[in-house]
Each structure stands twice: as C-alpha cells, then as structure tokens.
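Nothing here was measured: the structure is a model prediction, and the numbers come from that model.
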Amino acid sequence: MKALSLFICVAAVLLSQCAPYNPNTAPVTVASLPAEFCYLDTVAPTIRVDLKYSGRDNFVGRPIAGYAGTRAILRKDTALAMKKAADLLAKQGLGLLVWDAYRPSGAMRDFREWSLTADECMKARFYPNISKQGIYDGKYIGDISEHSWGIAVDITLVDLRTGRELDMGGHHDLLDVSSATESPLVSPAQRANRLKLRESMAAAGMKNYHTEWWHYFLANASPYYSYNFEVRDDLTPAP
C-alpha cells in the first residue's frame, strides 16, 4: 500500500510538471528539474542571461507568474543547440544574450489575465501601435508557447569584446511590425544583424519565428509537452 501511495504521489508531481495548458493552473513549485531539462549555464556557460520576465522590464511591467529565479532552463537538446550556436558566433567575436528560455505554462495564464485588465502602463514601450487584444490577434502571444515545451529562447547578439548588444533596430518584446526579422522598417545594418543571428542559429538547428527577430525554437523537436514548474535557481538536476 505504501508503494502504491508513493507511486501515486510521484505520478501526480510528474503530471503537474508536464501537462496540456490549463488556464486554471498556476506554476507549481518542485525540488528538481525534469529528466530532460538542464540549466543552460551548465552546458553553455559563455551565454549571458537576463530573464526579462523575472523583473519589470517587460510588456506587463512586473515579474510574471512562475519566474522565481534568474537562471535559464531548457530541454537538454535545445541547450546543446544553443552551445553550438555560441561556439560558432565566438569565432566572429560575438556572443548570445538570453532574455527568456523555458517558460511555465502558467505564465501564459498570467499574460491572458493581464490582457483583460485596464493596465496599459507599458504600452508606449512595448506595444505602441496595437491594443492588448491586438497582441493576441497579431500572434505575438498565445495561450500556449514553445517556451513552455522548453525548446524556445528569446535572444540577441552581443559583442564579446565590449559586452554591448548589437543594434537590432528594436528591443525584446517590442510587439510591432518593425520587429519582423526581415522588416523593411529598420536600417540595412540593423537587418543585417538580425540575419546574422538567424544564420548562426539555423546552423545550430534553431528556427526563427519570422514576426519576432529574437524568438528561436529547436527545429524538428519532439515530443511536445507543456511544462508548468517554476523557474528557480536551486532545482536539483535530474540523475
């Protein structure tokens, strides 16, 4: 009976970490990473990380549900692809800065609930030309995300010598037509930087979401599961 009870408890935890998007489920606190996940810094320590949803510099203007840490988490196959991209870019004197990686599915619930409020304190900086509903209509955000599968990142390029970000013609989560990777609304030099990022990421097996120059996901990845464990800095790696 004790063995059966233990099995039920373990199964419940696993299902809470790996389940379809449920708008009524908040991110759950766990002690360890799922077996297929890792901290990005354990695989690619040269990649810089600034998780925007752990702070206030994002389109909502506050920390997002499920972001209780500052270390990027990814599926191991995606982390290895990121390392490959970083190694390729290093030969050009360039590096990567990660703004978002794994995202709990409950964070998508937080976004949706925010979209139904009157709060528009970040509109001028992040979505100046569309409504909050327009963010969803324009497919910048949905109720499910590749981030919640652990296979997506939001990134930019940095100069390894100076540490400065390259000019991409717009910041992270500028939800606007000018953020399309090949947008004609940015300068040729800015577009060239976007294409340099896309070329390097493609060589590592990562695919760009064309409306957001910063968003990449692992091509041909499977299986797809939506996870809902909190982003924390102290999760125990899986055996």
Residues at least two apart in sequence or cross-chain that pass ring-ring contact (aromatic ring centres under 6.0 Å, His included) with Tyr136, listed by chain then number, are none
Can you check whether Arg232's main-chain N or O pairs, donor with acceptor, with Tyr67's side chain at less than 3.5 Å?
no
Do Met122 and Asn58 come close enough that some side-chain heavy atom pair is under 4.5 Å? no
4.5 Å side-chain heavy-atom contact, Tyr209 and Thr181: no
By salt bridge (Lys or Arg N to Asp or Glu O under 4.0 Å), Glu212 pairs with (sequence neighbours left out) none
Across all chains, not counting sequence neighbours, the side-chain hydrogen bond (donor to acceptor under 3.5 Å, both in side chains) partners of His172 are Asp154
Would the distance check show the side chain of Ser200 and the main-chain N or O of Ala85 forming a donor-acceptor pair, the cut-off being under 3.5 Å? no
Residue pairs passing the salt bridge (charged side-chain N to carboxylate O under 4.0 Å, His left out) test with at least one member in residues 119-139, sequence neighbours excluded, are Asp57-Arg125
With a 3.5 Å distance limit and no angle check, can you tell me whether Ser183 reaches the backbone of Ala180 through a side-chain donor-acceptor pair? no
Practice task
Classify the ring geometry between Phe59 and Phe111 as parallel (under 30°), tilted (30 to 60°) or perpendicular (over 60°).
Solution key: tilted
Item to check | Heavy-atom side-chain contact between His215 and Phe217 under 4.5 Å | outcome: yes
By ring-ring contact (aromatic ring centres under 6.0 Å, His included), Tyr127 pairs with (sequence neighbours left out) Trp114
Residue pairs meeting salt bridge (charged side-chain N to carboxylate O under 4.0 Å, His left out), one or both in residues 168-189, sequence neighbours left out, come to Glu182-Arg198
For residues 61-71, the salt bridge (charged side-chain N to carboxylate O under 4.0 Å, His left out) pairs (sequence neighbours left out) are Asp41-Arg71, Arg62-Asp110
Quiz item: Can you check whether Val231 reaches Pro104 side chain to side chain, under 4.5 Å on heavy atoms?
Solution: yes
For Arg56, the salt bridge (Lys or Arg N to Asp or Glu O under 4.0 Å) test, sequence neighbours excluded, returns none
Point to revise | Sidechain-backbone polar pair: Ser54 side chain, Gly69 backbone, donor-acceptor under 3.5 Å | key: yes
Residue pairs passing the side chain to side chain donor-acceptor pair (under 3.5 Å) test with at least one member in residues 162-171, sequence neighbours excluded, are Asp167-Gln190
(Q) So Leu97 and Val49, do their side chains get closer than 4.5 Å, heavy atoms only? (A) no
For Asp77, the salt bridge (Lys or Arg N to Asp or Glu O under 4.0 Å) test, sequence neighbours excluded, returns Arg75
Residue pairs meeting side chain to side chain donor-acceptor pair (under 3.5 Å), one or both in residues 87-99, sequence neighbours left out, come to Lys83-Asp87
- Task: Find out whether Trp149 and Ser226 are in side-chain contact, i.e. whether some heavy atom of one side chain is under 4.5 Å from a heavy atom of the other.
- Result: yes
* Do Asp100 and Trp214 touch side chain to side chain, with heavy atoms closer than 4.5 Å? -> no
Review point. Are the side chain of Tyr225 and the backbone N or O of Ser222 linked by a donor-acceptor pair below 3.5 Å?
Key: no
Query - Any donor-acceptor N/O pair, Asn193 side chain to Met168 backbone, under 3.5 Å - result: no
Query raised in the report: Do Val153 and Leu74 have side-chain heavy atoms sitting under 4.5 Å apart?
Result: yes
ring-ring contact (aromatic ring centres under 6.0 Å, His included) filter on Tyr140, not counting sequence neighbours, yields none
